[in-house]
Amino acid sequence: ALSLLLLLGMAGAAWLVSRCGASRLMKPIEKLSDATRRMAAGEEIDDLPVDSQDELGDLTVAFNQMRSSVAAAEKTLIRREDESRQVIESSPSGMIMTDRHGTIIRLNQQAATLFGYTEDELLGEPIEILVPDSVRAHHGNLVASYMEDTVPRPMGERRDVHGQCKDGSLIPLEIGLTPIETDAGRRVLAGIIDLRERKRVESLLQRQAMEASLLHRSVALAAESGS
């Protein structure tokens, strides 16, 4: 949008010069061109003064309106980024956000600690760094497929999901995928829950149930023998 504004501004300047004469217009036109280039480079600037009520004044007013719109859009984007960052960082569960190529662009401390890394070690890395060796080779295809049909869903609906830690160990996980549309493109937010404690309790309950069943059978057999 800023590049288009620059082209329109230069075209409008050329038209004004041909109509009104170069000597009177060159200085304000140079100010407009300089302000446009600075804004396109990301510099924050103030409104330009409107010194005339002619076509040049109209062009300056239009520039100031565009500057205000761009500034408001940037503030909205920054606010959304801050909100997203706060949600991720404050989550009690591990949270990892990737871009459409599967590159990690944001995560919280819980996720980094879960896999034995620091946040800086994971930022910018492909998500495959956390995928077990056994499925790493074709995981990229799974990411590409999901990006074509992004809907919120649990990962690995028909199989157990494991993540690979920095030391190579595997941990059972529950992962929920949520697609997010942003001005910078599609993102995927993964909520990650460590299932090791749940698996330990399930195993303990199964063992206790098996022991209770064996005890019940032994008591029943002893009763039959005694009769």
Side-chain angles (χ1 to χ4, degrees), residues 1-3 41-42 73-207:
L2 292 177
S3 299
E74 288 178 346
K75 288 181 180 178
T76 299
L77 179 60
I78 292 173
R79 187 183 73 252
R80 290 176 179 174
E81 288 287 328
D82 288 342
E83 291 172 350
S84 173
R85 184 177 297 107
Q86 290 174 12
V87 168
I88 291 175
E89 291 178 353
S90 63
S91 171
S93 302
M95 303 287 281
I96 295 178
M97 180 179 287
T98 61
D99 63 15
R100 66 176 297 106
H101 304 294
T103 301
I104 299 172
I105 59 175
R106 186 170 296 165
L107 73 158
N108 60 6
Q109 183 61 52
Q110 290 86 336
T113 301
L114 176 62
F115 292 99
Y117 290 90
T118 66
E119 293 182 57
D120 288 341
E121 286 179 310
L122 289 176
L123 283 173
E125 293 293 332
I127 193 64
E128 281 76 23
I129 194 175
L130 305 177
V131 173
D133 293 335
S134 59
V135 296
R136 185 172 297 171
H138 65 271
H139 188 264
N141 294 331
L142 297 177
V143 172
S145 176
Y146 180 74
M147 282 299 180
E148 296 300 321
D149 184 24
T150 49
V151 293
R153 65 171 177 82
M155 182 177 174
E157 296 175 275
R158 298 179 181 85
R159 58 182 173 82
D160 290 338
V161 175
H162 290 81
Q164 183 164 301
C165 298
K166 185 178 181 179
D167 62 6
S169 62
L170 300 182
I171 52 176
L173 302 172
E174 181 178 296
I175 302 177
L177 302 177
T178 303
I180 301 175
E181 297 294 340
T182 73
D183 293 337
R186 182 171 294 172
R187 304 285 189 251
V188 174
L189 182 62
I192 306 169
I193 299 175
D194 183 356
L195 295 184
R196 283 176 290 188
E197 180 60 21
R198 184 189 301 179
K199 293 290 186 180
R200 187 191 69 80
V201 172
E202 289 177 352
S203 178
L204 177 61
L205 292 176
Q206 289 175 357
R207 185 169 67 251

For Phe115 against Gln164, the heavy-atom pair lying closest together: CD2-O, 3.6 Å
Nearest non-hydrogen partners of Ser93 and Ile193, listed with the distance: OG-CG1, 4.1 Å
Nearest-0.5 Å distance, CG of residue Leu114 to CE of residue Met95: 13.5 Å
Do Val143 and His139 pass the side chain to side chain contact (heavy atoms under 4.5 Å, CB included) test, and can you show the C-alpha distance, the side-chain angles, and the key distance before you say yes or no? CA-CA 6 Å; Val143 172; His139 188 264; 3.5 Å; yes
Would you say Thr98 and Thr103 make side-chain contact, with heavy atoms under 4.5 Å? no
To the nearest 0.5 Å, tell me how far Ile192 CD1 sits from Leu107 CG. 8.5 Å
Let's go through Ser169 and Asp167 carefully: what are the C-alpha distance in whole Å and the side-chain angles of both, what is the deciding distance for side-chain hydrogen bond (donor to acceptor under 3.5 Å, both in side chains) to 0.1 Å, and is it a yes or a no? CA-CA 6 Å; Ser169 62; Asp167 62 6; 2.6 Å; yes
Checking Glu202 against Leu205 for the side chain to side chain contact (heavy atoms under 4.5 Å, CB included) test, could you report, in this order, the C-alpha distance in whole Å, the side-chain angles of both residues, the deciding distance, and whether it holds? CA-CA 5 Å; Glu202 289 177 352; Leu205 292 176; 5.8 Å; no
Go through the steps to decide whether Val188 and Ile180 satisfy the test side chain to side chain contact (heavy atoms under 4.5 Å, CB included), and finish with yes or no. CA-CA 6 Å; Val188 174; Ile180 301 175; over 6 Å; no
Glu121 to Glu125 - nearest heavy-atom pair and separation: O-CG, 3.3 Å
Short question: side chain of Thr113, backbone of Gln109 - any donor-acceptor pair under 3.5 Å? yes
Just how far is it from atom CD1 of Ile127 to atom CE of Met97, taken to the nearest 0.5 Å? 12.0 Å
Going from CG on Leu123 to CD1 on Ile96, what distance comes out if it is rounded to the nearest 0.5 angstrom? 10.0 Å
Any heavy-atom pair between the side chains of Lys199 and Arg196 that's under 4.5 Å? no
Give the minimum heavy-atom separation between Ala190 and Leu177, together with the two atoms involved. CB-CD2, 3.9 Å
Side chains of Ser91 and Asn108: does their closest heavy-atom pair fall under 4.5 Å? yes
Contact between Leu170 and Pro132 at the side-chain level, heavy atoms closer than 4.5 Å - yes or no? yes
Report the distance from atom CG of Leu122 to atom CD1 of Ile105, rounding to the nearest 0.5 Å. 13.5 Å
Quick one: pull up CD1 in Ile88 and CG in Leu189 and give me the separation to the nearest 0.5 Å. 5.0 Å
Are Glu181 and Arg187 ion-paired here, with the side-chain N under 4.0 Å from a carboxylate O? no
In short, salt bridge (charged side-chain N to carboxylate O under 4.0 Å, His left out) pairs touching residues 126-145 with sequence neighbours left out are Asp133-Arg136
